[in-house]
Engineer: 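The structure is given below, and queries will be raised subsequently.
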Amino acid sequence: MLPNMRTRRITGLHLTGKSACPMSKIPPKYSNDDWDYNNKIKFRITCDQERLAERIVEDSRRVVDDVNDTTRNWQREVEHHLRERASEIRFLCDELNKQKKTALLEDEALTTYRNRILNAIGFLKEKSLNICQRCLVLREGRLSVDLCEDDVDRNLRRELKVIKGCQGLMDKALKETNEQLRKLRATMYLLDKDLAQKDKSLLIDEKNLKLRDSQHDLGSSDNANQPCLYTLGEWQQKTYLNIEGNGKELNSASQLRAYIDLILCQVCEDMQNQTDRTNEAFDRRITEVKHIKKCLENKHNDTMNHIIEVQRNIQLLEAEMSDKNRAHQLCLTRLSNRAARPGLEMTCDEVQQSLYNELDALKASMCRLQQKIRENKASLRYLMHVQVMQEEEINIKNNSIKIDEVDCMTLRQCLKYQSF
């Protein structure tokens, strides 16, 4: 009700008594001017509200259009950045995959080189060292004066030092290879981790590219306001550091493989040269011992011939001694018979004197023959002693030849050094 409208007071009936009813109110009465004024006022209010509503609707439409344009623009910008980000992540994933593939190839190559080192160490331990030590032990079985420190022994001990030196070099190379493999696999682990994170990030961004506001299952937005922990520069730097670290380890592995090639070639060359020198010393020693053995065998044959000749000469001397004994007995018999001559017949005639002279000559001859028999028997004993000595020496040389030529050189035939 307008404030300037006139009001009319209404008076009611008063209630009298306990059971009396209230008096009914009489509705207010307005004038025609009031009615006309009220209609105008209501009409004006209605028009004002309609115009306000129209302005609000128009403003709302403009706001909606502006908001839609802004939303579409930001969505286009976000999708553009998402596509750029996905492209950048794909590029880095391609780089990481290339690095990973190269690292895998390098890991396989370095593992092959590690196996080559292990083969070289195994050959040096099971073949070279074992055979060298076995040859030294076998040569301790030489006899008498042949058990000497000759050129073969010196070369075997030199070969033993070379083997141990090569083993130390191979052990060092093996440790370096294992360490390089560990570093390379550590960088591969970082590449795999970075690649897995980027693959997941790429899937998320590609999924975001496919999302539309018309979809009903947009999911939860609980983590929408979670702050980013790293800057774009840190993200790029981390990836580039992984790629740079992997490249560094790849370069180190390549250099190590070249170094291993050089070491293996040097080890093979050193071992083959020393093995050849030792084998040449064996060949020279075997030739020398065979020559001495041949000379001893020739001397042994000469000694046997001399023994036979001396034995034959002793037999001849003993036969002559037997003849002289009979002649001596004959002379004594004649002298005994002539001692039976009677009277004046016991003269010292020429026969008697000849018998005495013959007896003296026979005694002297028998003494000379006995002396020669003793000398020949002594020579025979010496010759037989020399024969035994020669046979012992020949057996010693046979033993040395067997040890060097049959035992040692047979073992050393498998010492062929090639590139492991």
Side-chain angles (χ1 to χ4, degrees), residues 131-158 277-332 358-413:
I131 289 175
C132 184
Q133 292 176 341
R134 180 63 179 165
C135 288
L136 287 170
V137 172
L138 286 171
R139 297 196 92 241
E140 292 297 320
R142 292 173 296 167
L143 302 174
S144 186
V145 72
D146 276 17
L147 187 60
C148 63
E149 186 177 354
D150 53 7
D151 192 46
V152 177
D153 271 348
R154 288 188 290 271
N155 275 280
L156 282 173
R157 288 186 170 85
R158 193 176 299 118
R277 285 193 290 267
T278 305
N279 290 342
E280 290 172 1
F282 266 108
D283 292 336
R284 289 194 302 270
R285 188 61 174 174
I286 291 170
T287 303
E288 292 174 357
V289 175
K290 284 184 176 180
H291 175 70
I292 297 298
K293 175 176 172 289
K294 184 64 177 177
C295 293
L296 286 172
E297 288 174 346
N298 292 334
K299 287 296 182 181
H300 181 265
N301 292 332
D302 294 340
T303 302
M304 291 301 299
N305 292 331
H306 282 85
I307 288 174
I308 293 172
E309 184 178 357
V310 170
Q311 287 176 344
R312 186 182 300 115
N313 191 41
I314 290 174
Q315 290 176 357
L316 291 175
L317 288 173
E318 287 178 347
E320 287 295 327
M321 189 67 182
S322 178
D323 291 341
K324 297 304 176 284
N325 280 328
R326 286 194 296 271
H328 182 262
Q329 188 64 35
L330 175 61
C331 185
L332 289 176
E358 181 184 4
L359 184 61
D360 292 337
L362 287 171
K363 288 181 179 179
S365 297
M366 290 174 65
C367 287
R368 292 178 61 191
L369 288 174
Q370 191 67 36
Q371 179 66 27
K372 291 302 177 184
I373 289 173
R374 286 195 296 270
E375 290 178 359
N376 277 269
K377 286 184 177 182
S379 176
L380 180 61
R381 288 194 302 272
Y382 294 147
L383 286 173
M384 294 182 71
H385 177 73
V386 170
Q387 175 197 355
V388 173
M389 179 191 68
Q390 290 172 344
E391 290 175 351
E392 289 177 352
E393 286 297 320
I394 290 172
N395 290 332
I396 290 172
K397 298 301 181 285
N398 283 329
N399 179 69
S400 298
I401 292 172
K402 176 183 176 297
I403 290 173
D404 289 345
E405 186 175 26
V406 178
D407 297 336
C408 293
M409 291 304 292
T410 301
L411 287 174
R412 296 180 65 81
Q413 287 178 356

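For this chain, numbers begin at 1 and follow the sequence in order. Since the structure is predicted, the reported quantities are computational estimates derived from the model, not experimental observations.
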Engineer: What are the two closest heavy atoms between E149 and D153, and how far apart are they?
Structural biologist: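 Result for this residue pair: CA-OD2, 3.7 Å.
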Engineer: Throw together a table of side-chain donor-acceptor distances under 3.5 angstrom for residues 359-371, partners on residues two or more places apart or in other chains.
Structural biologist:
residue	atom	partner	partner atom	Å
S365	OG	A361	O	2.9
Q371	OE1	R374	NH2	2.6
Q371	NE2	E375	OE2	3.2

Engineer: Can you sort out the partners of E309 under salt bridge (Lys or Arg N to Asp or Glu O under 4.0 Å), two or more places apart, ordered by chain and number?
Structural biologist: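 Testing E309 for salt bridge (Lys or Arg N to Asp or Glu O under 4.0 Å), a comparison that skips the adjacent residues, returns none.
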Engineer: Suppose we screen for side-chain contact (heavy atoms from CB on, under 4.5 Å). Which residues come up paired with D151, at least two apart in sequence or across chains?
Structural biologist: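 In terms of side-chain contact (heavy atoms from CB on, under 4.5 Å), with neighbours along the sequence ignored, D151 is linked to R154, N155, A281, R284.
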Engineer: Give every donor-acceptor pair under 3.5 Å between a side-chain atom in residues 401-410 and any protein atom, sequence neighbours left out.
Structural biologist:
residue	atom	partner	partner atom	Å
K402	NZ	D407	OD2	3.2
D404	OD1	R139	NE	2.9
D404	OD2	R139	NH2	3.2
E405	OE1	K290	NZ	3.2
E405	OE2	K290	NZ	2.9
T410	OG1	V406	O	2.3

Engineer: With rounding to the nearest 0.5 Å, note down the distance linking CD in E297 to NZ in K293.
Structural biologist: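 Here the rounded value is 3.5 Å.
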Engineer: Can you name the residues that form a side-chain hydrogen bond (donor to acceptor under 3.5 Å, both in side chains) with R134, not counting sequence neighbours?
Structural biologist: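 In terms of side-chain hydrogen bond (donor to acceptor under 3.5 Å, both in side chains), with neighbours along the sequence ignored, R134 is linked to no residue.
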Engineer: For the atom pair OG (S400) and CG (N398), what is the distance rounded to the nearest 0.5 Å?
Structural biologist: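 Here the interatomic distance stands at 9.0 Å.
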Engineer: Output every pair passing salt bridge (Lys or Arg N to Asp or Glu O under 4.0 Å) with a member in residues 382-393, not counting sequence neighbours, ordered by first then second residue.
Structural biologist: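 Listed once each, the pairs are E393-K397.
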Engineer: Verify side chain to side chain contact (heavy atoms under 4.5 Å, CB included) between F282 and L156, making sure each step is shown before the conclusion.
Structural biologist: CA-CA 10 Å; F282 266 108; L156 282 173; 4.0 Å; yes
Engineer: Show every donor-acceptor pair shorter than 3.5 Å between a side-chain atom in residues 310-321 and any protein atom, with sequence neighbours excluded, or say none if there are none.
Structural biologist:
residue	atom	partner	partner atom	Å
N313	ND2	N376	OD1	2.7
E320	OE1	K324	NZ	3.0

Engineer: Can you name the side-chain hydrogen bond (donor to acceptor under 3.5 Å, both in side chains) partners of T278, sequence neighbours left out?
Structural biologist: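 For T278, the residues satisfying side-chain hydrogen bond (donor to acceptor under 3.5 Å, both in side chains) (neighbours in sequence not counted) are E159, Q274.
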Engineer: The criterion is side-chain hydrogen bond (donor to acceptor under 3.5 Å, both in side chains); which residues satisfy it with H328, sequence neighbours excluded?
Structural biologist: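 H328 satisfies side-chain hydrogen bond (donor to acceptor under 3.5 Å, both in side chains) with no residue once adjacent residues are dropped.
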Engineer: Can you name the salt bridge (Lys or Arg N to Asp or Glu O under 4.0 Å) partners of E280, sequence neighbours left out?
Structural biologist: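 Listed in chain order: nothing, the list is empty.
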Engineer: Give the C-alpha distance, both sets of side-chain angles, the deciding distance and a yes or no for side chain to side chain contact (heavy atoms under 4.5 Å, CB included) between M384 and L380.
Structural biologist: CA-CA 6 Å; M384 294 182 71; L380 180 61; 4.1 Å; yes
Engineer: Does D302 have any salt bridge (Lys or Arg N to Asp or Glu O under 4.0 Å) partners at least two apart in sequence or in another chain, and if so, which?
Structural biologist: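 D302 satisfies salt bridge (Lys or Arg N to Asp or Glu O under 4.0 Å) with no residue once adjacent residues are dropped.
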Engineer: Heavy atoms, side chains only, cut-off 4.5 Å: are V289 and R142 in contact?
Structural biologist: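 No - every pair of side-chain heavy atoms lies 4.5 Å or more apart.
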Engineer: Mind checking side-chain contact (heavy atoms from CB on, under 4.5 Å) for Q133 and listing every partner two or more places apart, or none if nothing turns up?
Structural biologist: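 In terms of side-chain contact (heavy atoms from CB on, under 4.5 Å), with neighbours along the sequence ignored, Q133 is linked to L129, L160.
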Engineer: Under 3.5 Å, is there a donor-acceptor pair between the side chain of N399 and the main chain of N395?
Structural biologist: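 Absent.
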Engineer: Rounded at 0.5 Å granularity, tell me how far OG1 in T303 sits from CG in N298.
Structural biologist: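 Result: 10.5 Å between the selected atoms.
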